[in-house]
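All remarks here apply to the structure that follows.
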Amino acid sequence: MHEKYTKPYDASLIENSIYKKWEESGYFNPDKLPGKREESFCIVMPPTNANGKLHAGHGSDFVIKDIIGRYQRMIGKKVLLLPSTDHGGFETQGVYEKNLQKEGRSRFGMSKAQLYDEIYTFVEKNIHNIENDVKKLGTSCDWSRNKFTMQKDIIEKVKDTFIKMYKDGLIYRGNRSIHWNPKFKTSLADIETKFEDKTEPFYYFKYGPFEIATSRPETKFGDKYVVMHPDDKRYSNWKEGDTFEAEWLNGKITGTVLKDEAIDMEFGTGVMTITPWHDATDFEIAQRHGLDYEQIIDLDGRLMDIAGEFSGMKVHIARPKVVEKLKEKGLVTKIEQKHTHAVRVCERTGVILEPQLMEQWFVKMKPLTELALKALKEKRFSFVSKQFEKTFRYWMENSIDWNISRQIAWGITIPAWFKNKGEENEEIIVSNTKPAGDGWKQDTDTFDTWFSSGQWPLLALGYPNNSDFKNFFPTDVMETGRDLVFKWVPKMIMFSLYLTKEIPFKVIYLHGMVLDRKGQKMSKSKGNTLSPLELSDEFGTDAMRMSFIIGNTPGKDMPLTTNKVNAYKKFANKLWNISRFIYSNTENFDFDNFDTSLLEKDQLNKIEELDEFKKDLSKDIDEYRLYLAAEKIYHFIWHELADKIIEDTKDSVISENKDIKNQYLLLKFLHESLKMLHPFMPFITEEIWKDFPIKDKDLLIVEKW
RNA sequence: GCGUGCUUAGCUCAGUUGGCUAGAGCAUCUCGUUUACACCGAGAGGGUCAGGAGUUCGAGUCUCUUAGCACGCACCA
């Protein structure tokens with residue numbers, strides 16, 4: 001009887017040493033796995049952002065992939081779980097700038113190169129911390145292949161992709177309405193923004209013969225067009241191109257009437273003026289009607305010279321003053337104090353965004369989305385939860401061109417060169433090297449993070465020539481959070497189809513968000529976060545892993561409570577005691593050489609049931625019903641092995657004349673149970689496996705399923 | 001406005017292709033400790049499976065419909 005089993009199971013005593021054993025065995029590395037393994041299996045793990053700590057969402061993230069990986073390893077495949085870190089572009093720079101602020105410093109007054117170097121150092125340290133955290137979750141990934149998006153070879157390939165796409169006409173330089181973050185001074189893609197409801201006053205102004213309504217009076221300096229719906233009977237006397245005189249902010253102006261179907265007749269007065277430079281819808285109207293446009297707000301978010309006495313003011317300060325001036329002129333007809341509307345803000349920083357017209361790099365999406373839709377139609381990849389297929393399709397059918405340039409230091413520089421040829425003419429060359437001749441200036445912009453992470457399965461495996469790429473691509477499963485169904489997954493599919501004609505992965509498993517006990521999103525500001533590491537410390541990693549899986553179908557959000565984690569901590573202890581009982585009553589039993597022909601019908605039936613159970617469990621895992629499989633094995637061990645097998649055979653193995661058939665049965669059930677539970681609860685099963693009476697056995701992690 | 005999901009025990013949720021008496025964890029109640037395990041065991045209570053209609057020999061499961069909730073997307077001059 002082993003001393004250790006006399007005490008309740010204590011995860012903290014064994015987890016570190018077990019993980020170390022696995023690492024030392026080399027079995028995380030597919031090249032070092034024992035036995036002959038024909039088939040390979042690969043999951044490229046979504047890169048963790050280099051700027052923070054692991055949160056509860058990462059719990060599901062790593063646990064699900066690890067369960068799948070461990071199972072595939074046990075059924076005899078060459079398994080590669082590839083870990084990686086993403087530089088996190090804009091987000092990371094934001095985190096770093098906050099740190100600077102705390103030190104009383106700022107990035108302004110620092111060269112871009114200096115900022116880049118400082119962030120690199122910061123990130124390197126963080127990556128190390130994150131690695132340790134991922135190990136704490138029991139993740140069996142191959143650290144020797146760890147990849148980072150800012151590695152030199154990866155940067156080169158990202159640039160090569162850009163150049164190839166430019167040559168193929170899939171990337172263009174365009175002057176379009178983009179989302180500008182005036183605080184962090186960069187443009188953003190649509191998916192990096194979100195809407196926030198704001199309740200603000202809504203103003204009605206007299207504008208010549210019309211009444212217009214707006215929530216942004218401070219943008220109205222240059223407006224000289226009024227737009228109405230062509231079917232609006234109230235204004236049927238006015239025709240497109242009619243002009244009128246109006247007293248306005250800077251004195252008298254001549255306005256022009258436009259008719260456009262984008263106007264909502266129900267909203268406001270049914271007439272609006274347009275500000276194309278600072279509103280995407282207005283810009284589209286202006287383009288349709290061939291109008292010119294003027295910038296009102298600069299990149300700092302301040303009014304420009306056109307605003308007269310208001311020039312230089314931040315928009316939110318100017319607004320009440322502008323209204324005051326209009327009031328004095330007698331042009332304010334009505335103010336609704338509580339108008340609730342959605343304002344576009346930066347998803348990461350919450351900063352209110354200002355639409356601006358700017359020259360940026362855009363990816364032409366249509367040819368790429370068509371590739372993805374075709375592959376979907378041909379069922380070359382599939383979603384574990386079918387509902388995501390619709391979301392995916394919707395995004396592919398409605399995506400607009402993608403702004404990939406960011407005006408931040410922390411990112412991969414865009415390999416483009418500009419030469420001013422006088423007036424507004426600019427010559428552009430896309431190349432890794434400086435073009436011959438004088439006057440070439442390199443583009444100072446960097447790529448959107450998603451431009452590199454979108455190519456991640458390819459880049460991480462060393463596309464196009466690395467042997468890993470040949471062995472493991474296309475990968476088997478993409479497992480990530482359901483919020484990435486349109487942010488990331490389609491990009492990987494499109495880049496992969498474009499560059500290699502292959503799909504990047506066969507199966508897409510999307511998990512839901514982890515919520516707090518009340519079903520609310522976890523966030524630092526609400527103070528309701530549960531760190532997987534704290535859970536692991538308190539209840540054991542194995543218990544934490546089970547709680548992330550059970551009772552949660554793929555794609556569905558899941559409230560997490562410590563109560564639930566505790567339930568699986570109890571389960572670990574139960575298994576511990578089961579092992580204690582079995583080992584202490586089978587001492588000196590020769591499991592290797594037991595003659596199974598001695599078994600009687602009773603035992604044979606039980607073993608047959610065991611086989612049936614295992615088949616069923618395997619099927620569940622094969623079809624990614626991990627939540628069911630975990631619950632079944634839990635139930636099997638507690639209510640079959642403990643409640644029935646042990647209870648029924650107890651007397652016969654405790655007595656002086658031990659029944660060797662039942663001893664065998666107990667060990668057989670324990671053997672299989674440990675294997676079946678191992679993907680879910682790897683630490684405790686590996687620990688118990690140490691004492692299993694088989695000679696010359698290897699680690700459980702590579703035991704044959 | 002468009003889309004997706006949800007509504008099953010007091011709470012959180014499973015229930016895979018329709019098929020034994022609808023399950024688990026937590027919570028509640030009763031009993032039990034010289035017992036592998038009190039981080040336990042034996043047992044109990046608790047459900048018109050949101051409402052309605054339909055398909056079927058049979059519906060928690062499929063179809064339609066009503067209501068409520070959540071999330072995503074679009075618009076918000």
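Quick caveat: nothing in here was measured; it's all calculated off a predicted structure.
As judged by a 4.0 angstrom heavy-atom cut-off over every strand, A:Ala262 is placed among residues making no nucleic acid contact. Residue A:Asp282 is out of contact with every strand shown, counting any heavy-atom pair closer than 4.0 Å. Base engagement by A:Ile263 is indicated by at least one non-hydrogen atom pair under 4.0 Å involving a base atom. Note on A:Pro559: only backbone sugar-phosphate atoms sit closer than 4.0 angstrom, heavy atoms only; bases stay farther off. A:Thr561 comes within contact range of no nucleotide atom at all, as no heavy-atom separation falls under 4.0 Å. Using a 4.0 Å heavy-atom criterion, one finds that A:Glu647 contacts the bases of the nucleic acid, with or without backbone contacts as well. Contact annotation for A:Asn552: no contact, since no heavy-atom pair falls under 4.0 Å across all strands. As judged by a 4.0 angstrom heavy-atom cut-off over every strand, A:Thr275 is placed among residues making no nucleic acid contact.
In this entry the distance linking CG of A:Asp557 with C1' of B:U12 reads 14 Å, nearest Å. At whole-Å resolution of the value, CG in A:Asp516 and P in B:U12 are 12 Å apart. Put simply, CG on A:Leu515 is 16 Å from C1' on B:C11, counting in whole angstrom units. Between the CE atom of A:Met272 and the P atom of B:C75 there is a distance of 13 Å, rounded to whole Å. Protein atom CH2 of A:Trp576 is 15 Å distant from nucleotide atom P of B:A38, rounded to whole Å. In this structure, the CD1 atom of A:Ile549 is 18 Å from the P atom of B:G25, given to the nearest Å. Atom-to-atom, CG of A:Asn398 to C1' of B:A74 comes out at 9 Å; the value is rounded to the nearest Å. Taking atom CZ of residue A:Phe388 and atom P of nucleotide B:C71, one finds them 15 Å apart after rounding to whole Å.
A distance-only check finds no donor-acceptor pair linking the side chain of A:Lys379 to the backbone of A:Leu376 [under 3.5 Å]. A distance-only check finds a donor-acceptor pair linking the side chain of A:Glu192 to the backbone of A:Ala189 [under 3.5 Å]. Using a distance-only test at 3.5 Å, with no hydrogens or angles considered, a donor-acceptor pair links the side chain of A:Gln663 to the main chain of A:Asn585.
B:G72 and B:U17 are spaced 30 Å apart, taking the C1' atom of each and rounding to whole Å. Here the separation of B:U48 from B:G23, taken at their P atoms, is 15 Å to the nearest Å. B:C31 and B:G5: their P atoms are spaced 49 Å apart (whole Å). On the P atoms, B:A59 is 12 Å away from B:C20, given to the nearest whole Å. Taking the P atom of each, B:U12 and B:A74 are spaced 31 Å apart, rounded to whole Å. Remark: the separation of the P atoms in B:C71 and B:G15 is 22 Å, to the nearest Å. B:U7 and B:G43 are spaced 31 Å apart, taking the P atom of each and rounding to whole Å. Only the P atoms considered, B:U8 is 10 Å distant from B:G51, to the nearest whole Å.
Under the 30°/60° scheme for interplanar angles, the aromatic rings of A:Trp450 and A:Trp488 are found to be tilted. Between A:Tyr664 and A:Phe589, the ring planes are tilted. Angles from 30° to 60° get that label.
A donor-acceptor contact closer than 3.5 angstrom links the side chains of A:Tyr204 and A:Glu336.
The side-chain hydrogen bond (donor to acceptor under 3.5 Å, both in side chains) analysis of residues 614-634 of chain A, with sequence neighbours excluded, yields the pairs A:Tyr71-A:Asp622, A:Lys614-A:Glu672, A:Asp616-A:Lys632, A:Ser618-A:Trp705, A:Asp620-A:Arg625, A:Asp620-A:Lys632, A:Glu623-A:Arg625. Among residue pairs with one or both ends in residues 275-284 of chain A, none qualify as salt bridge (Lys or Arg N to Asp or Glu O under 4.0 Å); sequence neighbours excluded. For residues 256-272 of chain A, every residue pair satisfying the side-chain hydrogen bond (donor to acceptor under 3.5 Å, both in side chains) rule, not counting sequence neighbours, is listed here: A:Asp260-A:Arg288, A:Asp260-A:His289. Counting only residues at least two apart or on different chains, no salt bridge (Lys or Arg N to Asp or Glu O under 4.0 Å) pair has a member in residues 203-213 of chain A.
Scored by the side chain to side chain contact (heavy atoms under 4.5 Å, CB included) test, A:Ser547 finds A:Leu560, A:Lys564, A:Val565, A:Tyr568 as partners (sequence neighbours excluded). For A:Asp190, the side chain to side chain contact (heavy atoms under 4.5 Å, CB included) partners two or more places apart in sequence, or in a different chain, are A:His179, A:Arg344, A:Ile400. In terms of the side chain to side chain contact (heavy atoms under 4.5 Å, CB included) criterion, residue partners of A:Lys574 (sequence neighbours excluded) are, by chain and number, A:Ile578, A:Trp638, A:Ala642. Scored by the side chain to side chain contact (heavy atoms under 4.5 Å, CB included) test, A:Asn577 finds A:Asn573, A:Arg580 as partners (sequence neighbours excluded).
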Anything under 3.5 Å between a protein N or O and an N or O of nucleotides 19-22 of chain B, put it in a table, one pair a line.
none

Taking only N/O atoms, report every protein-nucleotides 1-8 of chain B pair under 3.5 Å with atom names and distance.
residue	atom	partner	partner atom	Å
B:U4	OP1	A:Lys390	NZ	2.5

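Residue A:Lys574 places at least one side-chain N or O under 4.0 Å from the OP1 or OP2 atom of B:G41. In terms of phosphate contacts, A:Ser215 brings a side-chain nitrogen or oxygen within less than 4.0 Å of OP1 or OP2 of B:A77. Side-chain nitrogen and oxygen atoms of A:Thr553 include at least one within less than 4.0 Å of the OP1 or OP2 phosphate oxygen of B:A14. Between A:His341 and B:A77 there is a side-chain polar atom (N or O) within less than 4.0 angstrom of OP1 or OP2.
Because its NZ or CZ atom is both nearer than 6.0 Å to the ring centre of A:Trp402 and within 45° of the ring axis, A:Lys491 counts as a cation-pi partner of that residue.
For A:Ala567, the listed nucleotide lying nearest its side chain is B:G25; candidates were B:G15, B:G41, B:G25. Between B:C71, B:C37, B:A42, one nucleotide has an atom nearer to the side chain of A:Arg482 than all others, and that is B:C71. Between B:A36, B:C73, B:A77, one nucleotide has an atom nearer to the side chain of A:Asn577 than all others, and that is B:A36.
Position along RNA chain B of the nearest nucleotide to A:Met265 versus A:Lys194 favours A:Lys194 as the more 5'-ward residue.
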A:Tyr5 vs A:Asp691, test: side-chain contact (heavy atoms from CB on, under 4.5 Å). Steps then yes/no. CA-CA 11 Å; A:Tyr5 293 104; A:Asp691 304 307; 2.7 Å; yes

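Consecutive pairing runs in RNA chain B reach the stem threshold at B:1-7 with B:67-73, B:10-13 with B:23-26, B:28-32 with B:40-44, B:50-54 with B:62-66, where a stem means at least three Watson-Crick or G-U wobble pairs with distances under 3.5 Å.
RNA chain B lies under 4.0 Å from at least one heavy atom of each of the following residues of residues 623-637 of chain A: A:Arg625, A:Tyr627, A:Leu628, A:Glu631, A:Lys632, A:Tyr634.
Closest approach of A:Lys606 to A:Leu665, counting heavy atoms only: CB-CD1, 4.0 Å.
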